[in-house]
Amino acid sequence: MAVAAPGQLNLDESPSFGSRSVDCFEKLEQIGEGTYGQVFMAKETETKEIVALKKIRMDNEREGFPITAIREIKILKKLHHQNVINLKEIVTSPGPERDEQGKQIEGNKYKGSIYMVFEYMDHDLTGLSDRPGMRFTIAQIKCYMKQLLLGLHYCHINQVLHRDIKGSNLLIDNHGILKLADFGLARSFSYDHNAHLTNRVITLWYRPPELLLGSTQYGPAVDMWSVGCIFAELLYGKPILPGKNEPEQLTKIFELCGTPDELNWPGVTKMPWYNNFKPSRPIKRRVKEVFKHFDRNALDLLERMLTLDPSQRISAKDALDAEYFWTDPRPAEPHTLPKYESSHEFQTKKKRQQQRQAEEAAKRQKIQHPQPHTRLPPIQQSGQPYSQIRTGQPMNNPHPSMAPGPSHHYAKPRGPGGPNRFPLGGSQGGGYPNRGGQGGGYGSGPYPQQGRGPPPYGGGMGGTGGPRGGSGVGGPSYQQAGPYGASGTGRGPNNYQQGGSRNQQQYGSWQ
Ligand SMILES: Nc1ncnc2c1ncn2[C@@H]1O[C@H](COP(=O)(O)OP(=O)(O)OP(=O)(O)O)[C@@H](O)[C@H]1O
């Protein structure tokens with residue numbers, strides 16, 4: 001595909017792509033802020049349909065339309081599956097000022113914008129999990145995991161690697177449907193050609209060891225590692241491998257999954273960066289020990305997802321066949337899941353930030369005007385019922401965002417992409433065939449209390465010794481509070497207040 005000239009979109013596709021103006025939509029609320037632009041909730045003025053508009057950042061318009069956006073659009077236009085986000089169309093906002101002859105006025109930078117129009121999804125998994133008191137049931141986790149694997153299996157058989165699987169890219173609607181989103185780092189791959197791909201992809205906490213060891217020839221297994229991290233996170237209640245940088249990420253992986261060697265990962269010693277990160281002494285695998293409270297089938301599946309050697313890592317298809325999904329409790333039917341008020345990572349972060357600012361302001365005020373009768377009940381108690389109604393929080397947590405909340409800070413190690421080609425492989429659509437009638441026989445097993453237990457390694461890593469011999473080289477820190485119900489007991493309230501948080505006044509026209 002030719003690269004479009006600045007400000008022009010050349011997608012040589014159906015007329016609806018790029019032909020309509022963004023003015024056909026009314027901007028409602030910002031719901032996301034990504035590396036490549038903002039995401040807004042909007043309403044189609046004629047049909048009243050609610051959609052999500054992702055504004056494509058044109059910071060450097062001299063280079064034309066961003067290659068990442070072109071790749072995302074190309075890939076999304078070919079993927080059609082219930083568990084993959086649907087790109088409906090592309091719309092544009094007015095372009096640069098022109099003179100009478102229609103020539104662009106010199107020195108006047110291109111001011112127009114391009115938006116991708118998506119079906120609107122009520123939540124992303126991170127935002128949903130961050131809700132105070134949120135607690136997923138096992139059947140719910142199985143339901144989300146199954147849909148994630150179905151969507152990913154579909155991508156992989158169509159020769160697309162997602163390369164950025166993480167909670168905020170898994171969108172969920174109020175019918176319980178989960179969809180893979182953000183294909184900004186996705187690319188096509190071929191089993192026949194061993195093309196070299198960048199290894200600077202996938203958000204650090206979800207990045208597999210082969211990429212951290214410098215591999216440039218990889219396949220669908222990279223996504224399956226990320227799926228394993230999400231799976232463990234859902235069951236455990238917080239991210240399991242929150243490295244601060246690449247060496248620390250590898251250290252954390254080795255401490256959990258053991259050190260790689262020629263026996264458990266043939267060829268690992270030949271990996272480009274193996275010698276840079278070579279463990280000083282072997283560490284044994286501890287997945288079973290660390291997650292011993294997980295259900296047996298969950299643990300078996302997790303072991304196969306978090307396998308160091310990518311060639312032995314379970315595929316999405318085989319994962320769907322795992323006992324875990326065929327034993328009781330079975331995956332919930334999506335439509336039976338509770339409905340929640342809309343929650344996106346961007347919004348939950350913003351709420352926490354506002355809460356922090358309010359707390360700081362209150363503290364400052366207190367210092368300036370100390371309260372004379374500190375034993376009097378705090379004034380805001382009278383306001384509790386109101387905040388409770390508005391936020392839907394239980395009485396025992398009137399100020400939910402003051403609760404020790406999660407501190408999700410996803411690194412965004414976006415890398416440059418490879419060449420832009422999309423060999424349309426199989427066009428198999430639809431779901432994964434049902435495996436009927438498999439008897440259960442396994443109990444659900446103990447379910448760990450979400451967000452309440454100690455970090456996976458219980459601070460005990462010093463005893464076992466990390467690859468650096470625990471010698472104070474900035475050892476891993478597991479202080480992060482968990483996103484999955486750090487503060488709560490029981491499942492969150494089920495009050496879907498349609499439009500409750502929309503604020504139409506706040507947003508002006510499109511730009
Ligand atoms: N179709 C949608 N419906 C509702 N919310 C959406 C939709 N698409 C994106 N979002 C929200 O916007 C956020 C950012 O979107 P997206 O990941 O596509 O952008 P990005 O610029 O690639 O972000 P990042 O840099 O975090 O990967 C998502 O996490 C989600 O909360």
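Order of listing sets the numbers, starting from 1, for every ligand and every atom in it.
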Have a look at ligand 1 and work out which part of L171, if any, has a heavy atom under 4.0 Å from it: side chain, backbone, both or neither. side chain
Nearest candidate to atom 2 (C) of ligand 1, where distance is taken over non-hydrogen atoms, out of G167, A69, S343, A52: A52
I need the N169 CG to E345 CD distance, nearest 0.5 Å. 9.0 Å
Does ligand 1 come near enough to F118 that some N or O of the ligand is less than 3.5 Å from an N or O of the residue? no
Give the contacting part of K166 toward ligand 1: side chain, backbone, both or neither, where contact means a heavy-atom distance below 4.0 Å. side chain
Atoms of ligand 1 under 4.0 Å from any heavy atom of I31, numbered from 1 in the order shown, are 4 (C), 5 (N), 31 (O)
What is the distance from atom CD of Q217 to atom CD of E210, rounded to the nearest 0.5 Å? 12.5 Å
Output yes when the distance from some N or O of ligand 1 to some N or O of E72 is under 3.5 Å, and no in every other case. no
Using a 4.0 Å cut-off to any heavy atom of D124, which atoms of ligand 1 qualify? 29 (O), 30 (C), 31 (O)
Tell me whether Q249 contacts the main-chain N or O of G243 through its side chain, where contact means a donor paired with an acceptor under 3.5 Å. yes
Any chance you could measure E246, atom CD, to L204, atom CG, to the nearest 0.5 Å? 6.0 Å
E345 versus ligand 1: do any nitrogen or oxygen atoms come within less than 3.5 Å of each other? no
Side chains of D182 and H162, donor plus acceptor under 3.5 Å: no
At under 4.0 Å between heavy atoms, what of T126 touches ligand 1? The answer is neither
Could you walk me through whether V22 and F40 pass side chain to side chain contact (heavy atoms under 4.5 Å, CB included), step by step? CA-CA 12 Å; V22 72; F40 298 93; over 6 Å; no
Indicate yes or no: does an N/O atom of S168 lie under 3.5 Å from an N/O atom of ligand 1? yes
Atoms of ligand 1 under 4.0 Å from any heavy atom of D164, numbered from 1 in the order shown, are 27 (O)
Side chain, backbone, both or neither: which part of M41 comes within less than 4.0 Å of ligand 1 when only heavy atoms are counted? neither
F291/F231 aromatic ring centres below 6.0 Å: no
Rounded distance (nearest 0.5 Å) linking atom NZ of K339 with atom CG of D173: 8.5 Å
At less than 4.0 angstrom from any non-hydrogen atom of G32, what atoms of ligand 1 do you find? 12 (O), 13 (C)
Any N or O of Y120 that comes nearer than 3.5 Å to an N or O of ligand 1? no
Show the atoms of ligand 1 that are less than 4.0 angstrom away from any heavy atom in I85. 1 (N)
Regarding N83 and Q147, is there a side-chain donor-to-acceptor distance under 3.5 Å anywhere? yes
Taking side-chain hydrogen bond (donor to acceptor under 3.5 Å, both in side chains) as the criterion, tell me which of Q140, K146, K142 meets it with Y144. Q140
